[in-house]
Colleague: 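The structure follows.
Keep in mind that this is a model prediction, so the values were computed, not measured. Letters A, B, ... mirror the listed sequences (proteins, then strands); counts begin at 1.
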Amino acid sequence: MSYPFKQSEEKWQKIWQEKEVFKALPKQDKPKYYLLEMFPYPSGKIHMGHVRNYTIGDVAARFKMMQGYSVLHPMGFDAFGQPAENAAIKNKSKPDIWTHKCIEWMKTELKKMGFSYDWSREVSTCEADYYKWNQWIFLKMFERGLAYKKASNVNWCPSCETTLANEEVIDEGCWRCHAKVEQKDLEQWFLKITEYKERLLEDLNQLKDWPERVIAMQNNWIGRSQGVEIYFPLDNSDKIIPVFTTRVDTIFGATYIVLAPEHSMVKDLIKGKPGEKESLKFIAKVAKESKVVRGSSDVKKEGVFTGSYAVNPVNKEKIPIWIADYVLMEYGTGAIMAVPTHDQRDFLFAKEHKLTMKVVIQPSLPQAGPPSAEAISYQLSAEELKEAYEGDGVQINSAQFDGLTNEAAKIKIAEWMEKEKIGKIQTHWRLRDWLISRQRYWGTPIPMIYCKKCGIVPVPYEDLPVELPKDAPFTGEGGSPLAKVKEFVHVKCPKCKGAAQRETDTMATFFDSAWYFLRFSSPRENQAPFNQEEAKYWMPVDQYIGGIEHAILHLLYSRFFTKFFKDLGLISFDEPFQRLLTQGMVLKDGEVMSKSRGNIVDPDSIIKNYGADTLRLFILFAAPPETELEWDDRGIEGAHKFLNRVWRIQENLKDKADPALNRAMHKAIKKVSEDFEEFKFNTAIASLMELTNAIYQSGADRKVFKNLILLLAPIAPHFCEELWEALGNKGSIFQAAWPKYDPAFLVEDTVTIVVQVNGKVRFKIDVPADINQDKLKELILSDERLKPWVQDQPIKKFIIVPKKLASMVI
RNA sequence: GCGGGGGUGGCGGAAUGGCAGACGCGCUGGUCUCAGAAGCCAGUGACGCAAGUCAUGAGGGUUCAAGUCCCUCCUCCCGCACCA
């Protein structure tokens, strides 16, 4: 007999909804637990990635609920964004109609999976009562100088026809459509995330329960590097060129300077020099190259001599100033000191253009004492170098610093330079400000007004929200669609009441998702983005679950917003997400499931044929949550088979106390409880299977079965509710208490001791668990099976590991 | 180049330094059946009739004992990258 999953799942989903079993209520007598999964973009259907993400979260939420926590487990929709716009163009529909339809569809599917969301807290970022607070936050940032408009060279996706943040450029392509990103000079809105760079870096230390690689990626992205800014005076001039280096220990080997072609001093340096024409040609050529082309030419180092010279401030040597494409304007000062002997890029450039080289760091001798022939050949010479020596060593040709290790010299030279006022210890960062303007329709309007008289004027708070007009002529071509909506654009200036125009760009959707987790604490609050009391109770998120693709983007922005709210005095914590789990992808035949590959398995068809509980069970059992999961149709069958096997137990329940079975039950309770705590669902399920097998061996005991159902409930909720009810229980199984194990029952009365001779297992012996060591030794030595291995040889060593093994050396 | 994570049966995957391969899939055999499916029971790393030997990417080391700790190397995946 197989279990009626279809009726059962529908029945319980209805009951859960009607009885509000999963409504989050702040309760003073219970500890709180806020479990959040990254909310989806409403594309219509849910895919296996969603199923996996949300199943992991659902098990954790239900487990915590049974443990007696007051659980907040909300769901919503990240509803603004381009796909809605593109779909609307294609279907001649409207983004809001399309989006709402998709949300309804997705909700139906999420409900079919039986997820324990408190739907009364649902939020959609495209609703005015949500994005109003985006605008509010933006204005607060503007007030504090954290939102500003600036003309600059920005990333442009030619296919999406909009700008992109640095974080949205993946492998030189658009994160969404993969089109090659171009560079454009535009005036755009930025958020000053760099103001928070120290805290964003420092507080990574607080995130003890985040995956290391996410921490590493953020660390990398923020990119702090400690070094020295050195001032190189121009020869015969009082002007200086500042240069940033992390290798100040190599300063005595700096034999030329290289500027980025865009550097502001370049024009003056080449003026009237013999090579001026050639230089200008080179600069024009590089200017035409995209970042992509420029970044890919990693072997050939092109450049020209400016005709001017600078002076190395540490040894007063006159050194030439060059321009080259391998120096980037965006990093450091846009100028470098070149040390060809100790930097591979400089080395290649110097070889190409026959520039001077000077060794200033000698690899440390392998050993002390008079140098051997080997050690002498170890000495570097500029003439013989085949590549730059970038390792550590001892200073030479470095005046008073000779003989120091280069690590020590780094500090000494930096201090000395500061004293001599020829340099300054400095920190440089890779992190750039966050570009948030998008030339698209389906997003939050940026609440700014341009007045000819008053300049940039923020929309007053009482005028929020600036509503997105329902109709806009978006064709996917040519500029911001909102610019074409006259009623939207033309406004009165809030200051002078004169004619003015609205900003027509919308906000990047990552703005929307950078604070939604706070909104869930009080989704209907209408005086502020969130209610401070509610946020104080529920926040921070105890467990966050989502894909690794947001390791930088969303997670970095959310951390930034959280710190900003703290500075506003709205919250008192630094980090939004206590624990983070990044689930692995779902693969089919070794590849990511995707439409273009045609290898998609539709969750809906699995639910139809096997039920949601089977799907949940399979997806948790097939792999640990963090690793990739290979889809397996036969694995689904296996999961279904297991549920049926459990189902059949109820047919002949008895009350019989089998001590072995009882012990197996307590063991399972312990194992499953511990595994759930660490999200090791695959091994938890394995132990439930073992308990099931034990029941089959021993006979179906009522109490053991009841506990099995309780342990399985978070994974297969409908299935277990059904059996819970069949056992005669009233109320939802999720209002029942999580079973506890009794350590007393875990104690075994006999144990198997493994006997090893010279490190090899020879035989096993069953003994009472409480046997003393002498007795055990005696027993083993008198065992017939030992003789062939020992014969008459003396036993040199005898080791006993209690309850496990005995090992002897002969 | 820098940073992070891997490499264990036919497959997915287990193993606080203590019996490698839990659990499942697949496969084989048995049972039930007119037959099949579904159940249920048993077997299943390789070699060997067996005793046993060999097996966790390769090689070395520490240890009574290593998938696990240490060194050298190979290889795969992910992120960043002319970042000075």
Colleague: More than 12 non-hydrogen atoms from neighbouring residues, nucleotides or ligands closer than 6.0 Å to CE on A/Met585, yes or no?
Modeller: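 For A/Met585, atom CE is not crowded (no more than 12 foreign heavy atoms under 6.0 Å).
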
Colleague: Hey, is the side chain of A/Arg648 poking within less than 4.0 Å of OP1 or OP2 on B/rA38, counting only N and O atoms?
Modeller: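 For A/Arg648, the contact criterion (side-chain N or O under 4.0 Å from OP1 or OP2 of B/rA38) is not met.
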
Colleague: Could you tell me whether A/Lys285 and A/Glu302 make a salt bridge, using a distance below 4.0 angstrom between a side-chain N and a carboxylate O?
Modeller: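 Here A/Lys285 pairs with A/Glu302 in a salt bridge, since their nearest N and O are under 4.0 Å apart.
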
Colleague: Is there a donor and acceptor pair, one atom on the side chain of A/Glu390 and one on the base of B/rG1, closer than 3.5 Å?
Modeller: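 No, the side chain and the base share no sub-3.5 Å donor-acceptor pair.
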
Colleague: Taking the C1' atom of each, how far is B/rU56 from B/rG17, in whole Å?
Modeller: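 Taking atom C1' in both B/rU56 and B/rG17, they lie 15 Å apart.
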
Colleague: Between B/rC64, B/rC83, B/rG79, which nucleotide has the shortest distance from any of its atoms to the side chain of A/Leu328?
Modeller: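 Given the options B/rC64, B/rC83, B/rG79, the side chain of A/Leu328 is closest to B/rC83.
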
Colleague: So, are A/Lys670 and A/Glu674 salt-bridged, with charged N and O less than 4.0 Å apart?
Modeller: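 So A/Lys670 pairs with A/Glu674 through a salt bridge.
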
Colleague: Considering heavy-atom distances to RNA chain B, does A/Thr333 or A/Gln697 have its closest nucleotide positioned more toward the 5' end?
Modeller: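 Final value for this comparison: A/Gln697.
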
Colleague: Ignoring the backbone of A/Val809, work out which of B/rC64, B/rA84, B/rC80 is nearest its side chain.
Modeller: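 Closest nucleotide among those given: B/rC64.
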
Colleague: Taking the six-membered ring of A/Trp221 as reference, does the cationic atom of A/Arg430 (NZ for Lys, CZ for Arg) lie under 6.0 Å from its centre and within 45° of its axis?
Modeller: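 Flagged: A/Arg430 positioned over aromatic ring of A/Trp221.
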
Colleague: So what's B/rG29 paired with, Watson-Crick or G-U wobble, going by both distances under 3.5 Å?
Modeller: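 B/rG29 is paired with B/rC41.
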
Colleague: Using the C1' atoms only, state how far B/rC41 lies from B/rG45, rounded to an integer number of Å.
Modeller: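 Between the two C1' atoms, the distance is 23 Å.
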
Colleague: Near RNA chain B, which residues from residues 797-807 of chain A have a heavy atom under 4.0 Å away?
Modeller: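 Result for residues 797-807 of chain A: A/Lys797, A/Ile799, A/Val801, A/Lys804, A/Leu805, A/Ser807, sorted by number.
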
Colleague: How far, in whole Å, is B/rG26 from B/rC73 if one measures between their C1' atoms?
Modeller: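 It works out to 36 Å between them.
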
Colleague: If the P atom of B/rG61 is compared with that of B/rG1, how far apart are they to the nearest Å?
Modeller: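 The answer is 29 Å between these two P atoms.
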
Colleague: When you compare B/rA46 with B/rC78, how far apart are their C1' atoms, in angstrom units rounded to a whole number?
Modeller: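 About 34 Å, rounded to a whole number of Å.
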
Colleague: What nucleotide among B/rA22, B/rG13, B/rG79 has an atom nearest to a side-chain atom of A/Pro624?
Modeller: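 Side chain of A/Pro624 sits closest to B/rG13.
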
Colleague: Hey, which sits more toward the 5' end of RNA chain B by its nearest nucleotide, A/Trp221 or A/Ala216?
Modeller: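 Its nucleotide being nearer the 5' end, the pick is A/Ala216.
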
Colleague: Using both distances under 3.5 Å as the test, list the Watson-Crick or G-U wobble partner of B/rC73, or none.
Modeller: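 Pairing partner: B/rG57.
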
Colleague: Using the ring of A/Phe798 (Phe, Tyr or Trp, six-membered ring only), decide whether A/Lys777 places NZ or CZ under 6.0 Å from its centre and within 45 degrees of its axis.
Modeller: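 Relative to the ring axis of A/Phe798, which defines the angle, A/Lys777 lies inside both limits.
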
Colleague: Is A/Arg645 close enough to B/rC40 that one of its side-chain N or O atoms is under 4.0 Å from OP1 or OP2 there?
Modeller: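 It does, given that an N or O in the side chain of A/Arg645 lies less than 4.0 Å from OP1 or OP2 of B/rC40.
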
Colleague: For the pair A/Phe719 and A/Trp647, name the ring-plane relationship: parallel under 30°, tilted 30 to 60°, perpendicular over 60°.
Modeller: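 Tilted, since the angle between the ring planes falls between 30° and 60°.
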
Colleague: Check every atom of B/rG24, B/rU53, B/rA84 against the side chain of A/Lys760 and return the nucleotide holding the closest atom.
Modeller: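 Among B/rG24, B/rU53, B/rA84, the one nearest the side chain of A/Lys760 is B/rU53.
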
Colleague: Just compare B/rG24, B/rA15, B/rC19 and give me whichever is closest to any side-chain atom of A/Lys764.
Modeller: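 From the listed options, B/rC19 comes nearest.
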
Colleague: On the 0 to 90° scale, with breaks at 30° and 60°, tag the A/His342-A/Tyr389 ring pair as parallel, tilted or perpendicular.
Modeller: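 The arrangement is perpendicular - the two ring planes meet at more than 60°.
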
Colleague: Does a side-chain N or O of A/Asn693 approach OP1 or OP2 of B/rG24 to a distance below 4.0 Å, or not?
Modeller: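 Indeed, a polar side-chain atom of A/Asn693 lies that close.
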
Colleague: Could you measure between the two P atoms, the one in B/rG5 and the one in B/rC64, and give it in whole Å?
Modeller: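 Per the computed distance, 31 Å lies between those P atoms.
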
Colleague: Does a side-chain N or O from A/Arg634 land closer than 4.0 Å to OP1 or OP2 of B/rG12, or not?
Modeller: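 The answer is no; no side-chain N or O of A/Arg634 sits under 4.0 Å from OP1 or OP2.
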
Colleague: Can you identify which nucleotide, out of B/rG18, B/rA15, B/rC82, has its nearest atom closest to the A/Thr683 side chain?
Modeller: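 Of B/rG18, B/rA15, B/rC82, B/rA15 is nearest to the side chain of A/Thr683.
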
Colleague: Can you check whether A/Asn682 has a side-chain N or O nearer than 4.0 Å to OP1 or OP2 of B/rA14?
Modeller: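 It does, given that an N or O in the side chain of A/Asn682 lies less than 4.0 Å from OP1 or OP2 of B/rA14.
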
Colleague: Using a strict cut-off of less than 4.0 Å between a Lys/Arg side-chain nitrogen and an Asp/Glu carboxylate oxygen, indicate whether A/Glu407 and A/Lys410 qualify as a salt bridge.
Modeller: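 Salt bridge present between A/Glu407 and A/Lys410.
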
